[in-house]
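Worksheet: one structure, shown below.
Chain naming here is simple, since letters A, B, ... match the order of the sequence lines and numbering starts at 1 in each.
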Number of protein chains: 2
Amino acid sequence: MEEQNKKILLVEDDPNFGTVLKDYLMMNDYDVVHAKNGMEGFEKFKKDDYDLCILDVMMPYKDGFTLAKEIREKNTEVPIIFLTAKAMKEDVLKGYKVGADDYLNKPFDSEVLLMKIKAIMQRKATDTVADSKQFEFKIGRFDLNSKLRFLKFDGGEPTKLSPKENELLRLLALHENDLMPRELALTKIWRDDNYFTSRSMDVYIAKLRKYLKPDTNVEILNIHGEGFRLVVNNQ
Amino acid sequence: MEEQNKKILLVEDDPNFGTVLKDYLMMNDYDVVHAKNGMEGFEKFKKDDYDLCILDVMMPYKDGFTLAKEIREKNTEVPIIFLTAKAMKEDVLKGYKVGADDYLNKPFDSEVLLMKIKAIMQRKATDTVADSKQFEFKIGRFDLNSKLRFLKFDGGEPTKLSPKENELLRLLALHENDLMPRELALTKIWRDDNYFTSRSMDVYIAKLRKYLKPDTNVEILNIHGEGFRLVVNNQ
DNA sequence: TCTAATGTTAACGTTTGGTTAAACCTAATT
DNA sequence: AATTAGGTTTAACCAAACGTTAACATTAGA
């Protein structure tokens, strides 16, 4: 079977730089769609599936961060790389809680970009192929359907789960009987790691514990300073 | 089994440009029929089945939008790509709610066109092969005939459905007991995804729920932020 | 014993969905 | 040309769902 080229959405308003970059990427066997501004970028994003988005931050009408946020609403998985100005400080970037996979200061070495792209694709290949298909879990006497977002106890009436409840429980289930690091949930689900999101996560842990109460053999344990552990006592 | 070439209807009044484009597409293994104006385009469209239509917007006698509308009346599925003048604004295009799959500004990069075509064909290939032939559904005690657009309860008098009601219920039925994503309905039926079409869809969901009331085992559930689910409780 | 981490509940603001009715549009009819 | 009817969209209002934050309580571990 023929390997399909990876598809990249490149949003860059500088026509010269954009074209050069596009050509360079295409020379390296990527399919590249080039949008000239944030608006157009979002339109193109909606029209197709991409393996990676490369967004310039400084753009007229709609900056890269705003665009990234819109993209995230549609798709929580697709990797995003920001092209930023040299001057921008780390903390400014962190302020925009978007969940980028990488930042790159302009001007940058195209070799570096290529390596980053490869690394990101690799990462995605290993951690989503196996994961993404897993939507159903048996947790003690519960059945979690993560696609339809419900939790059934003993095959009875399903309880609806909110998106966050669902993702958190799914992540715990993926690590059943093992440590699910706090940080993992925060970066994967909240896409940010600070005091407040951490507290928010605790709130969701409390909610999940309530849901799981009916089965006394199932519990969510805390590992102080590390994370949580979904334990299922067999028998 | 021999793979059949995809068939493209190209409607373009500029003879030079049209011929060049036709040749280019044929070189890339598409079967292309070239019509020189809207009138002729519609004649050819009626005479055959096409996998894609590429329509120039600016044409004498019958412009591309008008032609597209006529095509849509005959066929709600076939993808349409418009070739537009550079000057045309997004919102002008949006005004013509025809349901295009893409727009392309002239002059354009032929590579881009080719990629768009591939993407569109791909999309169609994955989501209609199995679906498109199914027009009759049993939904609990209801029978939906999607071709004739009626809904029968217990084999009694059929209720007539409007086109939108019909397509929406059909799409739900195709995903019975599974998630039918909001976005899917919006892009497939409304061919646009914005606040208002989304609200319009909600209105139709309400209408369908009313129709389905007689059978208490049938319901349309909402999955917050995701879409809807047509559930049939067996027994 | 003292501090940082966690548990829990409730309040709040925001987004999304449910529903109804009016406005709008188009094609057919008068 | 005006009217009507069917279909669809838009508007408005309300309710439900969600996520975050604050506040206070409890616990773990240095």
**OP:** State whether the distance check finds a donor on one side and an acceptor on the other, under 3.5 Å, for side chain B:R199 versus base C:dG18.
**Re:** yes
Measure the distance from [atom1] on [X] to [atom2] on [N] and round it to the nearest whole Å.
{"X": "A:K207", "N": "D:dC18", "atom1": "NZ", "atom2": "C1'", "answer": "7 Å"}
{"X": "B:D193", "N": "C:dT16", "atom1": "CG", "atom2": "P", "answer": "12 Å"}
{"X": "A:I223", "N": "D:dT27", "atom1": "CD1", "atom2": "C1'", "answer": "16 Å"}
{"X": "B:R229", "N": "C:dG17", "atom1": "CZ", "atom2": "P", "answer": "16 Å"}
{"X": "B:I205", "N": "D:dT8", "atom1": "CD1", "atom2": "P", "answer": "14 Å"}
{"X": "B:H224", "N": "D:dA15", "atom1": "NE2", "atom2": "P", "answer": "16 Å"}
{"X": "A:L208", "N": "D:dG19", "atom1": "CG", "atom2": "P", "answer": "11 Å"}
{"X": "A:E219", "N": "C:dT6", "atom1": "CD", "atom2": "P", "answer": "17 Å"}

**OP:** Determine, stepwise, if the pair A:S146 / A:N166 fulfils side chain to side chain donor-acceptor pair (under 3.5 Å).
**Re:** CA-CA 6 Å; A:S146 199; A:N166 177 55; 3.1 Å; yes
Original post:
With a 4.0 Å cut-off, would you call A:K7 and A:D51 a salt bridge?
Top reply: no
Does OP1 or OP2 of [N] have a side-chain N or O of [X] closer than 4.0 Å?
{"X": "B:W190", "N": "D:dT8", "answer": "no"}
{"X": "B:R182", "N": "C:dT16", "answer": "no"}
{"X": "A:S162", "N": "D:dG19", "answer": "yes"}

Picking from [options], which would you name as closest to the side chain of [X]?
{"X": "A:Y204", "options": "D:dG19, C:dG17, D:dG7", "value": "D:dG19"}
{"X": "B:D202", "options": "D:dG19, C:dG17, D:dT8", "value": "C:dG17"}
{"X": "B:R209", "options": "C:dT16, C:dG18, D:dG7", "value": "C:dG18"}
{"X": "A:P163", "options": "C:dT19, C:dT8, D:dG19", "value": "D:dG19"}

Subject >> DNA chain C: 5'-proximal contact among B:N222 and A:V203 (nearest heavy atom) >> reply: A:V203
For a quick check of understanding: with a heavy-atom distance under 4.0 Å over all strands, which category does [X] fall into, base, sugar-phosphate or nothing?
{"X": "B:S200", "result": "base"}
{"X": "B:Y195", "result": "nothing"}
{"X": "B:K210", "result": "sugar-phosphate"}

**OP:** Scan side-chain atoms only and decide if A:N194 and A:D192 contain a donor-acceptor pair under the 3.5 Å cut-off.
**Re:** yes
**OP:** With B:R182 as the cation and B:F228 as the aromatic partner, state whether NZ or CZ is under 6.0 Å from the six-membered ring centre and within 45° of the axis.
**Re:** no
Just distance, no hydrogens or angles: give the donor-acceptor pairs under 3.5 Å from side chains in residues 205-212 of chain A, sequence neighbours left out.
| from | atom 1 | to | atom 2 | distance (Å) |
| --- | --- | --- | --- | --- |
| A:R209 | NE | A:I220 | O | 3.0 |
| A:R209 | NH2 | A:I220 | O | 2.8 |
| A:Y211 | OH | A:E165 | OE1 | 3.3 |
| A:Y211 | OH | A:E165 | OE2 | 3.2 |

